[in-house]
Amino acid sequence: MLTPCILVCSIDQATGYCFGCGRTSAEIGAWMNYSDDQRRQIMETLPERLTKVERKPRRETRRQRMARERSAV
């Protein structure tokens with residue numbers, strides 16, 4: 001399934017967008033119920049939304065940690 005999730009899953013209180021993917025909590029919750037076309041339409045808006053997020057989470061994401069661990073080997 002097409003998804004923009006990067007395993008951050010933390011909502012910016014100022015914008016209502018996820019720090020990682022840019023979706024709203026309602027969109028995240030309903031993602032499995034959307035058609036592929038609906039998902040694509042939402043995903044087209046995400047880059048713009050992410051520019052409006054006021055701050056980034058301070059914690060390392062799972063994906064970042066996994067990449068760091070792979071490069072250390």
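Since the model is a prediction, treat every value here as computed from it, not as a measurement.
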Counting N and O atoms only, with roles assigned by atom type, does the side chain of Gln38 sit under 3.5 Å from a partner on the main chain of Ser35, one being a donor and the other an acceptor?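 Between the backbone of Ser35 and the side chain of Gln38 there is a qualifying donor-acceptor contact (under 3.5 Å).
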
Can you tell if the side chain of [X] reaches within under 4.5 Å of the side chain of [Y], non-hydrogen atoms only?
{"X": "Glu27", "Y": "Tyr34", "result": "yes"}
{"X": "Cys5", "Y": "Leu7", "result": "yes"}
{"X": "Thr3", "Y": "Arg23", "result": "yes"}
{"X": "Ile11", "Y": "Phe19", "result": "no"}

Using 4.0 Å as the upper bound for N to carboxylate O, is an ion pair formed by Glu44 and Arg40? no

Nearest heavy-atom neighbours spanning Val8 and Gly20: CB-CA, 3.8 Å

Looking at every non-hydrogen atom in both residues, tell me the closest pair between Met1 and Trp31 and how far apart they are. SD-CD1, 3.8 Å

Atom CE of Met32 with >12 non-hydrogen neighbours under 6.0 angstrom: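 No, not enclosed.
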
Rounded to the nearest 0.5 Å, what's the gap from [atom1] on [X] to [atom2] on [Y]? Could you check?
{"X": "Leu46", "Y": "Cys21", "atom1": "CG", "atom2": "SG", "value": "6.5 Å"}
{"X": "Asp12", "Y": "Thr24", "atom1": "CG", "atom2": "OG1", "value": "12.5 Å"}
{"X": "Thr45", "Y": "Tyr17", "atom1": "OG1", "atom2": "OH", "value": "7.5 Å"}
{"X": "Ile42", "Y": "Leu2", "atom1": "CD1", "atom2": "CG", "value": "10.5 Å"}

Are Val53 and Ile6 grouped together when hydrophobic residues (ILVMFWY) are joined by side-chain heavy atoms under 4.5 angstrom apart? yes

